[in-house]
Amino acid sequence: MIAARSVRREDLWVRRGRILDPEKLFFEERRVADEQRDCGGRILAPGFIDVQINGGFGVDFSLATEDVGSGVDLVARKILSHGVTSFCPTLVTSPPEVYHKVLPQIPVKSGGPHGAGVLGLHLEGPFISWEKRGAHPEAHLRSFEANAFQDVLATYGPLDNVRIVTLAPELGRSHEVIQALTDRGICVSLGHSVADLRAAEEAVESGATFITHLFNAMLPFHHRDPGIVGLLTSDRLPPGCCIFYGMIADGTHTNPAALRIAHRAHPQGLVLVTDAIPALGLGNGRHTLGQQEVEVDGLTAYVAGTKTLSGSIAPMDVCVRHFLQATGCSVESALEAASLHPAQLLGLEKSKGTLDFGADADFVVLDDALHVQATYIAGELVWQAEAARQ
């Protein structure tokens, strides 16, 4: 913990946006007495990384507007107050013409005063299971046809800006697609699926490394065949392979007992995601999510007219606090789930998700209750709570 007065670029030996101090700073505790007043304890942690966020503040990343970039920029600015310094804008199942129009408009982009950095797109669908489609529109679901990966390219268009693709591994020829995506440096995630454990293990052997919102939109755990959930403790994964899995710790999508089970089974792979929808930051009422209407009632969002959950409206800092309270894990573990682990998933652990020597100086200052006080990107203050300015 670092007192508020000490959180300055010179204290972290930041130069040109990188941390130069070789001392291990990650969650190290220091308390500094303020000459004028007691600032109290502060926690300095790496900036949060959200690898699954569908929009927010009225912006829907899955809508093919004429100026998609301005909507992404708005969300990027707003989530700075949640401690998020980089993210993967996520598109839900859509028709090909939407992908062809939207994907070129959301390039990878460094963060700064203008907002959190864009690490690349997360395409969730349309190559998913009909039975476990959740809030994804049935009319636009697709399978891998005779041309396999060429069908993927025909659906999405160029993949230059894509970082993650969620698919169902039980679809025919999925292993060819997984291998082709992995060869291009794209992370493959398993989700919205009825795959059994063996099919999931084969997908990991082909290159998949992530599970999309564990427990949600997949077969429930069964003791004779635990399905995708069984990957957390599988002994048939390739040597040295770490499977990562997303969890929506919003108090709605996953029961606290399920959070505890997953965390205790495989803590190193847990990645907190918001799965936030365009209604994030707005009130009750009807909103969009791609091709569907969503109705928000209190803390829950449903596909309009149904009881099908449709993403979350909880910001990342809320998810971190709920995860900490629900699991009883250490503060370090809760913060790593929102920073270090997603960075490791994307192969960015040398520059993101850490405060080690040489890393990007993207960090967040929190109070002892894990409320965000300030957010920094490349060592520059980009957001500060009103109370922290006084």
Looking at N161 and V108, what are the two nearest heavy atoms and their distance?
OD1-N, 4.3 Å
Side chain to side chain donor-acceptor pair (under 3.5 Å) evaluation trace for S193 with E170:
CA-CA 7 Å; S193 167; E170 69 273 17; 2.6 Å; yes
Residues T93 and R133: side-chain donor-acceptor under 3.5 angstrom:
no
Counting only heavy atoms from other residues, nucleotides and ligands, does the tally under 6.0 Å from CG of L299 exceed 12?
no
Which heavy atom of Y245 sits nearest to which heavy atom of H266, and what is that distance?
OH-O, 2.9 Å
Let me check something: do F127 and I186 share a hydrophobic cluster, defined by ILVMFWY side-chain heavy atoms less than 4.5 Å apart, either directly or through other members?
yes
Determine, stepwise, if the pair F244 / F210 fulfils ring pair (Phe, Tyr, Trp, His ring centres under 6.0 Å).
CA-CA 5 Å; F244 291 92; F210 193 39; 7.4 Å; no
Answer with yes or no whether the hydrophobic clustering places V364 together with V273; edges join I, L, V, M, F, W, Y residues whose side-chain heavy atoms lie under 4.5 Å apart.
no
Say whether D297 and T300, considering side chains only, have a donor N or O and an acceptor N or O under 3.5 Å apart.
no
Do S189 and T212 pair up side chain to side chain, a donor and an acceptor below 3.5 Å, judged on atom types alone?
yes
Starting from L366, can I reach V382 by hopping between I/L/V/M/F/W/Y residues whose side chains sit under 4.5 Å apart?
yes
Donor-acceptor pair, side chain of N54 and main chain of D275, under 3.5 angstrom
yes
Are I243 and I164 linked, directly or through other ILVMFWY residues, by side chains that come within less than 4.5 angstrom of each other?
no
Could you tell me whether K109 and D73 make a salt bridge, using a distance below 4.0 angstrom between a side-chain N and a carboxylate O?
yes
H136/H192 aromatic ring centres below 6.0 Å
yes
Quick check for you: to the nearest 0.5 Å, what is the distance between F363 atom CZ and T85 atom OG1?
10.5 Å
Tell me yes or no: between the side chains of E124 and Q52, is some donor less than 3.5 Å from an acceptor?
yes
Ion pair check, R321 and D317, cut-off under 4.0 Å:
yes
Which atoms form the tightest heavy-atom contact between I19 and D360, and what is the distance?
CD1-O, 4.1 Å
Grab the two heavy atoms, one from F323 and one from A249, that are nearest each other, plus how far apart they are.
CB-CB, 4.0 Å
Do you see a donor-acceptor pair shorter than 3.5 Å between the side chains of H222 and D225?
no
E66, CD atom: more than 12 neighbouring heavy atoms under 6.0 Å
no
Taking atom types as modelled, is there a side-chain donor on H122 or T166 under 3.5 Å from an acceptor on the other?
yes
ILVMFWY cluster, L280 and I248 together (side-chain gap under 4.5 Å)
no
Provide the closest heavy-atom pair for L214 versus A262 in the form atom of the first, atom of the second, distance.
CD2-CB, 3.9 Å
